[in-house]
4 protein chains.
Amino acid sequence: MVRTRDLILVEALKLFSEKGIKETTIRDIARAVGITEGAIYRHFHSKDQIVYELFEKYSAELYEIMEESLKEKTSDEMRFRTMIEAFLNFAFNNPDAFRYMNIFHYLREKQVRRVKKLPFNLLSKVIGDLEEKGILKIEPEYALAMVTGTLERVFLYRSMGIIKGRKKVIAKKTAQLLWNSLIEYNGGKN
Amino acid sequence: MVRTRDLILVEALKLFSEKGIKETTIRDIARAVGITEGAIYRHFHSKDQIVYELFEKYSAELYEIMEESLKEKTSDEMRFRTMIEAFLNFAFNNPDAFRYMNIFHYLREKQVRRVKKLPFNLLSKVIGDLEEKGILKIEPEYALAMVTGTLERVFLYRSMGIIKGRKKVIAKKTAQLLWNSLIEYNGGKN
Amino acid sequence: MVRTRDLILVEALKLFSEKGIKETTIRDIARAVGITEGAIYRHFHSKDQIVYELFEKYSAELYEIMEESLKEKTSDEMRFRTMIEAFLNFAFNNPDAFRYMNIFHYLREKQVRRVKKLPFNLLSKVIGDLEEKGILKIEPEYALAMVTGTLERVFLYRSMGIIKGRKKVIAKKTAQLLWNSLIEYNGGKN
Amino acid sequence: MVRTRDLILVEALKLFSEKGIKETTIRDIARAVGITEGAIYRHFHSKDQIVYELFEKYSAELYEIMEESLKEKTSDEMRFRTMIEAFLNFAFNNPDAFRYMNIFHYLREKQVRRVKKLPFNLLSKVIGDLEEKGILKIEPEYALAMVTGTLERVFLYRSMGIIKGRKKVIAKKTAQLLWNSLIEYNGGKN
DNA sequence: CATGAATGAGGTTTCATTCAT
DNA sequence: TATGAATGAAACCTCATTCAT
């Protein structure tokens with residue numbers, strides 16, 4: 001079955017995001033899937049392959065979702081806010097994946113750079129565009145820090161129960177307030 | 001020597017922040033200090049004690065620096081901005097410690113809760129105060145997410161070379177823009 | 001193979017009874033079995049598990065042998081003597097196990113109490129019964145001391161070559177003399 | 001001070017008898033004495049020296065007490081019973097030493113043989129004498145097993161609270177019943 | 001494809017002993 | 001005599017990976 005391979009990814013993701021990568025053993029994964037250790041090596045030739053493939057997979061997925069959201073040709077504001085919402089909706093609907101991506105990021109910076117479709121790059125690009133259009137209130141590097149940092153924390157605080165409310169609403173609010181924080185008010189003409 | 005104990009903490013911190021906690025072995029630490037593995041156990045009874053003690057130590061240190069910064073009785077704005085600057089200056093001057101604290105946080109949420117002097121608590125309290133005074137533009141949970149997230153990312157992007165400039169200037173800019181993002185403009189009367 | 005697990009128990013028992021528990025290393029056991037240390041941990045999750053399981057196993061075995069011997073409904077004397085003989089025959093045929101049980105007993109009193117099928121309990125009960133029937137010449141606690149002590153020493157002295165003779169004969173003689181020492185002579189009417 | 005050396009022996013004995021020899025570390029002993037590890041090596045050149053010296057010391061002590069008790073020229077019965085009582089009184093008054101001797105015995109049979117003044121030898125000799133005089137009811141090897149075994153167990157059961165009563169009384173009773181068990185009744189003419 | 005026993009390298013920890021002070 | 005840091009060997013245990021079945 002093609003299924004087993006996917007199951008391994010699913011369970012590995014859960015465990016990695018809960019306990020950490022090094023803290024999760026091949027045995028843990030095998031047990032969670034309901035197979036034995038050896039079987040895993042039919043599908044992946046090392047633990048590291050699972051680790052890396054998961055990151056790549058979800059990076060690309062989030063990247064594409066965000067990319068898609070940018071295609072809607074409306075105002076800058078709507079493009080930005082839609083993208084932020086897409087980002088957060090992905091995080092809320094794939095908490096394991098999102099949490100895992102952060103953990104991976106922290107411990108494997110070098111490997112991160114090898115990944116092509118990095119959500120960070122899209123965020124970076126969109127903010128760069130706003131800057132070029134002269135509608136950014138603050139320096140783009142700071143804007144990037146504010147956006148990425150806030151997104152991560154909103155996700156985290158929601159999963160910790162600090163931020164409450166429906167997913168969609170949280171996403172909308174966050175997009176709104178980030179936009180307000182970044183953009184020079186010009187009477188709504190952007 | 002009283003020195004060895006401190007040396008162990010120093011080298012462990014470096015390694016933990018570079019490679020991660022589990023990825024750093026007692027042997028790594030011993031080599032960095034220039035002693036043998038066994039010797040470490042005269043000073044700490046387990047690797048975990050080192051891990052925890054480091055977190056506690058730097059949490060308390062940052063906490064106290066922030067607390068101190070709050071004592072200056074001036075305007076709300078100055079209190080807030082001074083605290084943010086104190087936070088970032090600490091991070092910039094103790095990059096290993098700050099990076100380590102984030103790693104620890106991600107993997108050891110349960111242990112984090114046992115720590116008394118948590119910088120997060122102070123940030124939380126200050127934002128709560130602003131809320132009570134009615135000068136917060138956004139909901140306090142979101143404000144907290146924005147502040148903590150931005151601080152972490154500004155530190156990260158500076159250490160990655162994305163954000164450039166002198167430490168003090170970065171800290172000032174960040175404090176300024178966070179204040180602006182959080183606060184209802186009222187003609188400068190806060 | 002199901003075999004390996006048993007082999008580990010067999011070799012561990014030998015080594016424990018020869019050199020002591022703490023004095024026997026996992027490596028010793030692994031070598032004796034012809035595997036590597038790590039392999040042991042597929043079958044037992046700790047050295048302590050081996051240690052405890054061995055005690056439990058042989059305690060239960062001896063207990064059941066003694067219990068069985070008591071089922072033969074004959075005179076008190078025959079029941080007692082048969083049980084003593086069963087006890088010694090077990091010891092003579094499983095010298096490692098018996099020696100091990102004594103070592104374990106000495107060093108791990110607390111764990112001993114957790115074991116359900118303790119031969120001691122059966123000896124205790126049988127002597128209690130004799131006491132209730134009023135045919136015991138001496139106080140039951142002393143009788144118990146005499147019986148257990150003598151059994152242990154007869155085993156020991158035989159294995160040291162001090163006591164000679166065929167197993168069966170030694171067992172019979174011991175049973176006889178213990179009975180005589182415990183029981184009020186009443187013309188053979190018990 | 002000569003004192004420290006003795007203190008080390010005292011504390012080592014306590015710990016060995018409580019936890020076992022291997023289970024007791026030099027550090028444990030040092031702490032109990034109130035000195036540091038290195039200091040112990042001023043007085044003993046190895047842990048093993050402590051272990052062996054303790055056994056030798058208390059073996060000799062018990063041996064001499066028993067020897068002394070034999071000097072009183074009275075009847076065989078009184079000699080035997082006095083010796084048994086001396087043995088038990090020693091055990092009751094030096095429970096750590098007695099318990100330790102048994103542990104040592106179990107794990108270090110080879111070293112035991114090197115010791116000259118072994119209480120076992122005296123017991124053996126006295127029983128041999130009774131045999132030669134033809135007043136032994138049972139074979140001397142069995143008599144020896146019964147005597148040594150019973151003594152050990154009476155001590156053990158008393159320390160476990162199974163056998164109750166005043167030390168002296170227990171010793172007297174034990175001596176009496178062992179004599180009765182060993183000796184052919186001949187109308188009290190021994 | 002899957003099993004699960006086994007390997008082998010390496011991790012954490014313990015501890016008798018040494019040694020500079 | 002005593003300290004206590006340090007050594008070094010060895011203990012227990014873990015785990016990614018391999019392999020015969």
Side-chain angles (χ1 to χ4, degrees), chain A residues 1-5 21-31 33-51, chain B residues 1-5 7-8 22-30 33-51, chain C residues 1-5 7-8 22-30 33-51, chain D residues 1-5 21-31 33-51:
Chain A
M1 268 168 278
V2 185
R3 224 27 164 308
T4 300
R5 191 175 204 283
I21 295 169
K22 193 107 190 197
E23 290 78 4
T24 298
T25 70
I26 288 288
R27 195 176 212 174
D28 289 336
I29 301 171
R31 282 216 184 110
V33 175
I35 57 178
T36 55
E37 298 148 274
I40 296 212
Y41 288 85
R42 290 275 148 203
H43 304 282
F44 300 91
H45 47 62
S46 73
K47 180 182 174 182
D48 239 61
Q49 195 199 342
I50 303 178
V51 168
Chain B
M1 272 163 273
V2 183
R3 227 22 164 312
T4 301
R5 193 176 202 281
L7 269 181
I8 292 169
K22 192 105 190 199
E23 290 77 6
T24 298
T25 70
I26 287 289
R27 168 168 282 171
D28 289 335
I29 300 171
V33 174
I35 55 178
T36 56
E37 295 152 85
I40 296 213
Y41 289 88
R42 177 160 292 279
H43 303 282
F44 299 92
H45 46 298
S46 71
K47 180 181 173 183
D48 237 60
Q49 195 199 343
I50 303 178
V51 167
Chain C
M1 271 162 273
V2 184
R3 224 29 162 308
T4 302
R5 191 175 204 281
L7 269 181
I8 292 169
K22 191 107 192 197
E23 290 77 6
T24 298
T25 71
I26 288 288
R27 167 168 282 171
D28 289 336
I29 300 172
V33 174
I35 55 179
T36 55
E37 293 153 80
I40 297 215
Y41 289 87
R42 177 160 293 278
H43 303 282
F44 299 92
H45 44 295
S46 70
K47 180 182 174 182
D48 239 60
Q49 195 198 343
I50 303 178
V51 166
Chain D
M1 267 167 278
V2 185
R3 223 26 165 307
T4 300
R5 191 177 202 282
I21 295 170
K22 194 107 189 199
E23 289 79 3
T24 298
T25 70
I26 288 287
R27 195 175 211 174
D28 289 336
I29 300 172
R31 282 216 185 109
V33 174
I35 55 178
T36 56
E37 297 148 274
I40 295 211
Y41 287 85
R42 290 275 147 202
H43 303 282
F44 300 92
H45 48 62
S46 74
K47 181 182 174 183
D48 238 61
Q49 194 198 343
I50 303 178
V51 168

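All values below were derived from every heavy atom in this structure, side-chain atoms included, with hydrogens, water molecules and symmetry-related copies excluded. The chains referred to below are lettered A, B, ... by the order of the sequence lines, with proteins before strands, and numbering in each begins at 1.
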message: By the salt bridge (charged side-chain N to carboxylate O under 4.0 Å, His left out) test, which pairs, at least two apart or in different chains, include something from residues 33-51 of chain C?
response: A:E37-C:R42, C:R27-C:E37, C:D48-C:R108
Protein-nucleotide distance ([X], atom [atom1]; [N], atom [atom2]), rounded to Å:
X     : N      : atom1 : atom2 : value
B:I29 : E:dT13 : CD1   : C1'   : 13 Å
D:E23 : E:dA16 : CD    : C1'   : 15 Å
D:R3  : F:dA2  : CZ    : P     : 13 Å
B:D28 : E:dT12 : CG    : C1'   : 13 Å
A:I40 : F:dC19 : CD1   : C1'   : 17 Å
C:Q49 : F:dC12 : CD    : C1'   : 14 Å

message: To check you understand the geometry: which heavy-atom pair defines the closest contact between B:I40 and B:I8, and what is its length?
response: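 Distance-wise, the nearest heavy atoms are CA-CD1, 4.1 Å.
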- prompt: Which heavy-atom pair separates D:T36 from D:A30 by the least distance, and what is that distance?
  reply: C-CB, 3.6 Å
field: Earlier contact from the 5' end, DNA chain E, for B:A39 and C:A39
entry: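 On the 5' side of the pair lies C:A39.
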query: Is any side-chain N or O of C:H43 closer than 4.0 Å to OP1 or OP2 of E:dA6?
result: yes
query: Quick one: is D:T4 getting a side-chain N or O under 4.0 Å of the F:dA2 phosphate, OP1 or OP2?
result: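 So the side chain of D:T4 is within the cut-off, an N or O lying under 4.0 Å from OP1 or OP2 of F:dA2.
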Could you run down the sub-3.5 Å N/O contacts of the protein with nucleotides 16-18 of chain F?
{"from": "F:dA16", "atom 1": "OP1", "to": "A:K47", "atom 2": "NZ", "distance (Å)": "3.1"}
{"from": "F:dA16", "atom 1": "OP2", "to": "A:I26", "atom 2": "N", "distance (Å)": "2.7"}
{"from": "F:dT17", "atom 1": "OP2", "to": "A:Y41", "atom 2": "OH", "distance (Å)": "2.9"}
{"from": "F:dT17", "atom 1": "OP2", "to": "A:K47", "atom 2": "N", "distance (Å)": "2.9"}

field: Distance (rounded to the nearest 0.5 Å) between C:T4 OG1 and C:L7 CG
entry: 6.0 Å
- prompt: Can you list the residues that meet the side-chain hydrogen bond (donor to acceptor under 3.5 Å, both in side chains) rule with A:T25, with sequence neighbours excluded?
  reply: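 Partners of A:T25 under the side-chain hydrogen bond (donor to acceptor under 3.5 Å, both in side chains) test: A:D28.
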- prompt: What pairs with C:H45 under side-chain hydrogen bond (donor to acceptor under 3.5 Å, both in side chains), at least two apart in sequence or on another chain?
  reply: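 So C:H45 forms a side-chain hydrogen bond (donor to acceptor under 3.5 Å, both in side chains) with C:Q49.
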field: Dot-bracket encoding of pairs in DNA chain F, which uses [ ] for pseudoknotted crossings and | for another strand, Watson-Crick or G-U under 3.5 angstrom
entry: .||||||||||||||||||||
message: Give me the distance, rounded to whole Å, that separates F:dT21 from E:dC1 when you measure between the P atoms they each carry.
response: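 The answer is 23 Å between these two P atoms.
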field: Residue A:T36, side-chain heavy atoms: nucleotide from F:dA2, E:dT3, E:dG8 that is nearest
entry: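 So the nucleotide nearest the side chain must be E:dT3.
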